[in-house]
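Below, all heavy atoms of this structure are taken into account, side chains as well, without hydrogens, waters or symmetry copies. Naming: A, B, ... by sequence-line order, numbering from 1 per chain.
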Number of protein chains: 2
Amino acid sequence: MLLPRAEAEEYASWFKALADATRIQIVSLLARRHAPMTVGEIVAASGVGQSTVSHHLKILAEVRFVLVERQGTSSLYRINEACVSCFPTAADVVMGNPVPASPACD
Amino acid sequence: MLLPRAEAEEYASWFKALADATRIQIVSLLARRHAPMTVGEIVAASGVGQSTVSHHLKILAEVRFVLVERQGTSSLYRINEACVSCFPTAADVVMGNPVPASPACD
DNA sequence: ATCGTTAATCGACGATAGTCGATATATGGG
DNA sequence: CCCATATATCGACTATCGTCGATTAACGAT
């Protein structure tokens, strides 16, 4: 009857990743460019501090919205198109439709 | 280049409404029943306090995920299927696809 | 009008989250 | 080996959030 707590927490954590305006801006920035960006480029474009950007990128990477690859002294972040499009819609979560598991998105 | 802050805030507020496990449970509860529920019924089913449920219902109603109608001494809450299905997916927000305005969902 | 029931609001508390500045860590070049 | 650059982590501060208990407000019935 009631959705199991653990399942609700997992869905919530996905929505939580986009529940911040700065993260929305970062994600949309990465998506509009179809090329990877360094942290420095994102900092310059976003208007918030470097440590803040790094913090948000970590959160976005934990739910696989973005992928990271180190190259030399810099980190290249890019959008994970597969994961973004398999992100559950509100309708899916709410209606109990099957939702692809998080590890399925690479 | 960068998504305007106001737009990002609006998207974030929608995701924020589902960024809590208890709210996910309440919304999915209302969606599985296709009939309205009173606050008391939701309290009994959800396992959290009455004031907490009322608080969450208010948040869900503000973004139009649920609709409320007073009947006698009780309030009947039901899912707003139209608004749920027009909720922007991560892909829409991120890729810059047109997103239906919030007032369009009734 | 009063009482009982239902729901919304208030006040408080602890926990979490966003931001910053400073520091630490890694990496490549001279 | 040391330095410069790029990023990650840490510590602190503030603001917001989720939850509760208590109170208030709305409504129906007696």
Side-chain angles (χ1 to χ4, degrees), chain A residues 2-3 5-6 8-30 35-63 65-78, chain B residues 2-3 5-6 8-30 35-63 65-78:
Chain A
L2 190 66
L3 193 69
R5 188 71 185 185
E9 303 253 17
E10 186 180 357
Y11 295 154
S13 76
W14 293 350
F15 288 111
K16 217 171 288 196
L18 290 185
D20 177 80
T22 303
R23 282 197 293 274
I24 296 260
Q25 289 182 305
I26 291 175
V27 161
S28 98
L29 191 65
L30 287 172
M37 294 179 73
T38 69
V39 176
E41 291 172 317
I42 300 172
V43 169
S46 69
V48 293
Q50 180 265 319
S51 62
T52 302
V53 168
S54 189
H55 170 65
H56 286 311
L57 286 171
K58 184 179 182 180
I59 291 175
L60 291 170
E62 274 166 3
V63 294
F65 273 136
V66 302
L67 300 177
V68 57
E69 174 193 5
R70 294 210 61 132
Q71 179 158 326
T73 134
S74 50
S75 293
L76 296 181
Y77 283 88
R78 67 178 191 278
Chain B
L2 190 65
L3 193 68
R5 189 70 186 185
E9 302 253 18
E10 187 180 358
Y11 296 154
S13 76
W14 294 349
F15 288 111
K16 218 171 287 194
L18 290 185
D20 176 78
T22 303
R23 282 198 292 276
I24 295 260
Q25 288 181 306
I26 291 176
V27 160
S28 99
L29 190 65
L30 288 171
M37 294 179 73
T38 69
V39 175
E41 290 173 317
I42 300 171
V43 169
S46 70
V48 294
Q50 179 264 319
S51 63
T52 302
V53 168
S54 190
H55 169 66
H56 286 313
L57 286 171
K58 185 179 182 181
I59 291 175
L60 291 171
E62 274 166 1
V63 294
F65 274 135
V66 302
L67 300 177
V68 58
E69 172 193 5
R70 293 210 62 132
Q71 180 159 326
T73 136
S74 51
S75 293
L76 296 181
Y77 283 88
R78 67 179 191 278

Compare all side-chain heavy atoms of B:Ser54 with those of B:Gln50 and state whether any distance is below 4.5 angstrom. yes
Take atom CE of B:Met37 and atom P of C:dA7, then tell me their distance rounded to the nearest Å. 11 Å
Can you find a heavy atom in the side chain of A:Tyr77 that is under 4.5 Å from one in the side chain of A:Ile26? no
Base contacts versus sugar-phosphate-only contacts with protein, heavy atoms under 4.0 Å: please encode nucleotides 24-30 of chain C as B, S and - from 5' to 3'. ---SS--
Please state how far atom CD1 in A:Ile24 lies from atom C1' in C:dG18, giving the value in whole angstrom units. 15 Å
When you check the phosphate oxygens OP1 and OP2 of C:dT19, does a side-chain N or O of A:Thr22 lie under 4.0 Å from one of them? yes
Within-4.5 Å side-chain heavy-atom neighbours: B:Phe65 and B:Leu18: yes
A:Phe15 CZ - D:dC17 P separation (whole Å): 18 Å
Could you state the interatomic distance from OG1 (A:Thr22) to NE2 (A:His56), rounded to the nearest 0.5 Å? 4.5 Å
Under 4.0 Å: is that the gap between some side-chain N or O of B:Thr38 and OP1 or OP2 of C:dT6? no
Taking the side chain of B:Val39 as its heavy atoms from C-beta onward, which of C:dA7, D:dT19, D:dA8 lies nearest to it? C:dA7
Does D:dG18 have its OP1 or OP2 closer than 4.0 Å to a side-chain nitrogen or oxygen of B:Arg23? yes
Sorted by number, residues from residues 50-60 of chain B placing a heavy atom under 4.0 Å from DNA chain C are B:Gln50, B:Ser51, B:Ser54, B:Lys58
Which atoms form the tightest heavy-atom contact between B:Val63 and B:Ala17, and what is the distance? CG2-CB, 3.6 Å
B:Arg23 side chain to A:Ala12 main-chain N or O, any donor-acceptor pair under 3.5 Å? no
Value in whole Å for how far the C1' atom of C:dG18 lies from CG of A:Leu18: 16 Å
Send over the distance from B:Lys16 NZ to C:dT16 P, rounded to a whole Å. 18 Å
N or O in side chain of B:Tyr77 less than 4.0 angstrom from C:dA8 OP1/OP2: yes
Let me know the distance between CD of B:Glu69 and C1' of D:dC27, rounded to the nearest Å. 15 Å
If you compare all heavy atoms of B:Ala19 against all heavy atoms of A:Lys16, which two are closest, and at what distance to 0.1 Å? O-CE, 3.2 Å
Quick check on DNA chain C: between A:Gly49 and B:Leu76, whose nearest nucleotide comes earlier from the 5' end? B:Leu76
Check: B:Val68 and B:Leu76 side chains under 4.5 Å, non-hydrogen atoms: no
Quick one: A:Glu62 CD to C:dA17 C1', roughly how many Å, whole number? 13 Å
Using a 4.5 Å cut-off on heavy atoms from C-beta on, say whether the side chain of A:Phe15 contacts that of B:Ile24. yes
